[in-house]
Amino acid sequence: MLHEGMSLMNAAQWLDKQQTRKSTQNLRDAIQRSLIDAAMLKKPAAPTDETGNS
């Protein structure tokens with residue numbers, strides 16, 4: 001996401017509308033992939049004490 005964000009920032013600074021649109025879409029896609037990856041991660045099990053209780 002860092003690369004996509006930097007590309008968007010550079011395009012905006014240079015007032016490049018076409019590159020800004022492209023970079024915006026790339027950043028959206030990267031955010032979407034990150035959210036999907038995060039949603040697929042399993043939550044770690046709660047630690048148990050010596051008796052096997054949570």
Side-chain angles (χ1 to χ4, degrees):
M1 259 192 301
L2 179 62
H3 176 73
E4 290 85 355
M6 294 297 290
S7 293
L8 176 57
M9 182 188 71
N10 287 333
Q13 284 179 335
W14 287 100
L15 302 175
D16 184 339
K17 291 180 181 181
Q18 183 177 4
Q19 188 62 37
T20 299
R21 282 192 298 273
K22 181 180 174 185
S23 297
T24 299
Q25 186 61 48
N26 288 342
L27 182 56
R28 285 180 189 156
D29 292 344
I31 292 169
Q32 182 180 28
R33 284 190 306 271
S34 295
L35 291 172
I36 291 170
D37 288 346
M40 296 176 91
L41 292 175
K42 290 187 177 181
K43 195 173 188 179
T48 58
D49 61 15
E50 293 174 4
T51 62
N53 297 323
S54 295

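FYI, side chains are in, hydrogens and waters are out, and symmetry mates aren't considered; it's all heavy atoms of this structure.
Atom CD of Gln19 is separated from atom CZ of Arg21 by 10.0 Å, given to the nearest 0.5 angstrom. Rounded to the nearest 0.5 angstrom, Thr24 OG1 and Lys17 NZ are separated by 13.0 Å.
When hydrophobic clusters are built by joining Ile, Leu, Val, Met, Phe, Trp and Tyr residues whose side-chain heavy atoms come closer than 4.5 Å, directly or via intermediates, Trp14 is not grouped with Leu8.
What you find for Leu27 and Gly5 is that their closest heavy atoms are CD1-N, 3.9 Å. Taking each heavy atom of Ser23 and Ala11 in turn, the nearest pair found is OG-CB, 4.4 Å.
Counting non-hydrogen atoms of neighbouring residues, nucleotides and ligands closer than 6.0 angstrom, the CD atom of Gln13 exceeds 12 such neighbours.
Counting only distance, with no hydrogens or angles, the side chain of Gln25 and the backbone of Lys22 share no donor-acceptor pair below 3.5 Å.
Of the residues Ile31, Asp29, Ile36, Leu35, the one that meets the side chain to side chain contact (heavy atoms under 4.5 Å, CB included) test with Arg33 is Asp29.
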